[in-house]
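Atoms within each ligand, like the ligands themselves, are counted from 1 in listed order.
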Amino acid sequence: MTLNRRSFLGTGLAVGAALSAPRVIGQARPRVVIVGGGAGGATAARYIAKDSAGAIDVTLIEPTRTYYTCFFSNLYIGGFRDFASIGHSYGTLASGYGVNVVHDWVVGVDRDARTVTTAGGHSMSYDKLIVSPGIDFVDGAVPGWDISAQNKMPHSWKAGSQTQLLKAQIEAMPEGGRFCMVAPPNPYRCPPGPYERISMVAHVLKASNPTAKILIVDPKESFSKQALFEEGWQKHYPGMVERIGPDFGGANVSVNPDTMEVDIDGSVEKVDVCNVIPAQKAGHIAEAMGLTDDSGFCPIVPATMQSRVDENVYVLGDATIAGDMPKSGFSANSHAKVAAMQVRAALTGSRAFPAKYSNTCWSLIDTDDGVKVGASYAPTDEKIAKVDGFVSQTGEDAALRKATYEESLGWYAGITTDMFG
Ligand SMILES: Cc1cc2nc3c(=O)[nH]c(=O)nc-3n(C[C@H](O)[C@H](O)[C@H](O)COP(=O)(O)OP(=O)(O)OC[C@H]3O[C@@H](n4cnc5c(N)ncnc54)[C@H](O)[C@@H]3O)c2cc1C
């Protein structure tokens with residue numbers, strides 16, 4: 001491996017010392033490279049570095065210097081969080097755990113040579129590679145929309161400037177105006193996320209623009225926590241939210257970002273804000289590496305999170321086909337802990353325990369009205385299978401809903417510490 005120290009200067013390398021150290025035969029530490037510093041990648045980096053206590057050289061490659069969590073980005077839209085509170089930096093991973101944080105894009109992986117190439121022109125070798133690049137959008141999924149239209153019709157399905165833009169557009173809606181969401185087909189990142197977003201948009205409009213209307217066009221017959229959301233919309237936002245499912249054309253939708261029109265099965269509707277959340281696939285780099293199948297996502301070995309196509313590569317989070325597990329930050333964090341343990345075992349001979357996975361997705365419907373759905377999972381030969389689950393019930397009392405919301409605040413603090421230290 002050749003690593004030219006000069007070429008790293010000025011490319012955003014946060015911690016360069018370990019990267020620039022030459023590899024001496026017989027003395028080199030095993031090397032793990034992690035692609036993507038989100039819920040999966042950041043957790044894996046922290047756990048491997050922490051639990052191997054320096055025995056493994058961990059490099060995390062992530063283009064952004066501040067990671068804005070999609071989780072709680074809806075609460076920012078609803079005015080329950082400020083923007084800074086959902087932003088996290090990588091400083092503690094570098095200074096507290098010794099992770100080499102490289103702010104760059106991975107643009108190529110040679111799986112035979114076990115090297116990773118970045119947009120900045122660097123090449124790094126690995127013994128084990130962890131890939132957690134999140135999602136990208138399926139081209140042409142919503143006719144009329146592509147990424148060049150994201151300022152007129154934001155997706156806000158990757159948090160950051162898109163989330164700020166959507167919030168600003170909602171706040172600038174004319175009195176009595178119309179907000180439209182084009183909801184995604186399954187499978188997609190965060191099954192309850194679109195409907196929590198609708199709740200937060202309604203919460204804002206109820207206070208600032210009470211005659212405004214919300215339209216959801218949805219290709220799905222049903223959606224996560226549907227009874228809970230519909231009960232909540234009826235209770236808190238009566239008459240405000242209308243959903244058009246596939247029976248009435250919700251699966252046959254195109255948009256015109258220039259005229260702000262939405263064509264629903266031939267009926268053209270003018271809207272003031274349009275949140276287009278297209279169909280999704282694994283982040284592009286997973287596809288470029290040959291890790292995806294026809295579904296657009298990555299098959300994994302359920303007991304280890306190894307790619308089905310390369311035992312030296314582990315795939316985490318939204319990019320995977322994770323059986324019964326939903327695509328969520330909680331799931332990605334859970335995948336990462338299993339993969340971190342397996343990687344340490346493979347590289348240092350430490351003990352690996354049988355994999356166990358879990359997930360809970362909380363959603364906020366209105367002030368102190370929180371609901372949740374969750375489950376535990378175990379690997380079978382075929383898939384990560386659900387073991388048992390729970391879901392909030394309709395008609396729960398206010399104290400329980402408040403306690404559920406407060407639980408979600410604790411979870412957010414916990415997972416972000418688990419990711420970033
Ligand atoms: C509105 C909304 C609300 C949500 N709410 C919740 C919630 O309440 N609870 C919950 O558990 N989940 C929630 N989620 C889902 C959660 O955000 C995702 O499931 C989670 O972030 C997935 O983690 P990941 O590691 O797979 O991807 P990400 O967290 O997206 O991380 C991927 C990272 O990879 C980087 N990357 C991509 N390509 C490259 C490359 N080529 N080179 C280097 N880096 C690259 C990206 O910059 C990114 O930082 C929500 C999602 C949305 C959109």
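In this structure, K128 forms no cation-pi arrangement with Y314, as its terminal cationic atom is not both closer than 6.0 Å to the ring centre and no more than 45° off the ring axis. For the pair R243 and F223, the cation-pi test (distance below 6.0 Å, angle within 45°) is failed. A cation-pi arrangement is not found for K281 relative to Y188, the charged atom failing to lie both closer than 6.0 Å to the ring centre and inside a 45° cone about the ring normal. Geometrically, K402 does not engage Y405 in a cation-pi contact defined by less than 6.0 Å to the ring centre and at most 45° from the axis.
We find the CD-CG distance between Q342 and L347 to be 11.0 Å, quoted to the nearest 0.5 Å. Note that the OG atom of S307 and the CG atom of L129 stand 10.0 Å from one another [nearest 0.5 Å]. For the atom pair CG of D318 and CH2 of W157, the computed distance is 10.5 Å after rounding to the nearest 0.5 Å.
Not a single heavy atom of G193 sits less than 4.0 Å from an atom of ligand 1. Heavy atoms of W411 approach ligand 1 to within less than 4.0 angstrom. Distances from ligand 1 to the non-hydrogen atoms of I61 include at least one value under 4.0 Å. Put simply, no part of G283 is less than 4.0 Å from ligand 1, judged by heavy atoms. Close to ligand 1: S73, with a non-hydrogen atom less than 4.0 angstrom away.
For ligand 1, the atoms closer than 4.0 angstrom to any heavy atom of A332 are 23 (O). Shown in contact with Y67 at under 4.0 Å from a heavy atom are these atoms of ligand 1, numbered in order with element: 21 (O), 28 (P), 29 (O), 49 (O). Each of the following atoms of ligand 1 lies closer than 4.0 Å to a heavy atom of I285: 41 (N). Near K327, meaning under 4.0 Å from any of its heavy atoms, are these atoms of ligand 1: 19 (O). Less than 4.0 angstrom separates some heavy atom of G317 from each of these atoms of ligand 1: 26 (O).
Closest protein heavy atom to atom 40 (C) of ligand 1: W105 CE3, 3.5 Å. Of all protein heavy atoms, the one lying nearest to atom 7 (C) of ligand 1 is F71 CB, 3.4 Å. Scanning the protein heavy atoms around atom 37 (C) of ligand 1, the nearest turns out to be P133 O, 3.4 Å. Among protein heavy atoms, the minimum distance from atom 46 (C) of ligand 1 is reached at E62 OE1, 3.5 Å. Closest protein heavy atom to atom 45 (C) of ligand 1: P63 CD, 3.8 Å. Ranking protein heavy atoms by distance to atom 2 (C) of ligand 1, first place goes to C70 O, 3.6 Å. Of the protein's non-hydrogen atoms, S132 OG, 3.7 Å is the one closest to atom 24 (P) of ligand 1. Residue, atom and distance of the protein heavy atom nearest to atom 31 (O) of ligand 1 are G38 CA, 3.3 Å.
Side-chain atoms of Y412 and T69 form a donor-acceptor pair, as typed in the model, at a separation below 3.5 Å. T348 and R344 share no side-chain donor-acceptor pair at under 3.5 Å.
Nearest to atom 15 (C) of ligand 1 by heavy atom, out of G329, S334, P184, is G329. Selection from L316, D318, V106 by nearest heavy atom to atom 41 (N) of ligand 1 gives V106.
Contacts between R189 and ligand 1, counted as non-hydrogen atom pairs separated by less than 4.0 Å, involve the side chain only. With a 4.0 Å heavy-atom cut-off, ligand 1 is reached by the side chain of R197 but not by its N, CA, C or O. Under 4.0 Å from ligand 1, the heavy atoms of N74 that appear belong solely to its side chain.
Using a cut-off of 4.0 Å between Lys/Arg side-chain N and Asp/Glu carboxylate O, R178 and D272 are scored as not salt-bridged. Between D127 and R31 there is no salt bridge, since no side-chain nitrogen of the basic residue lies less than 4.0 Å from a carboxylate oxygen of the acidic one.
Where the criterion is an N or O separation shorter than 3.5 Å, residue side chain and backbone included, F330 meets it with respect to ligand 1.
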For M200 and L364, run side-chain contact (heavy atoms from CB on, under 4.5 Å): C-alpha distance rounded to whole Å, both residues' side-chain angles, the deciding distance at 0.1 Å, then the answer.
CA-CA 8 Å; M200 294 295 94; L364 187 61; 3.9 Å; yes

Apply salt bridge (Lys or Arg N to Asp or Glu O under 4.0 Å) to residues D136 and K158 and explain how you reach the verdict.
CA-CA 9 Å; D136 271 311; K158 297 183 183 192; 2.7 Å; yes

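A perpendicular orientation is assigned to the rings of H103 and Y90, their planes being inclined by more than 60° (bins at 30° and 60°).
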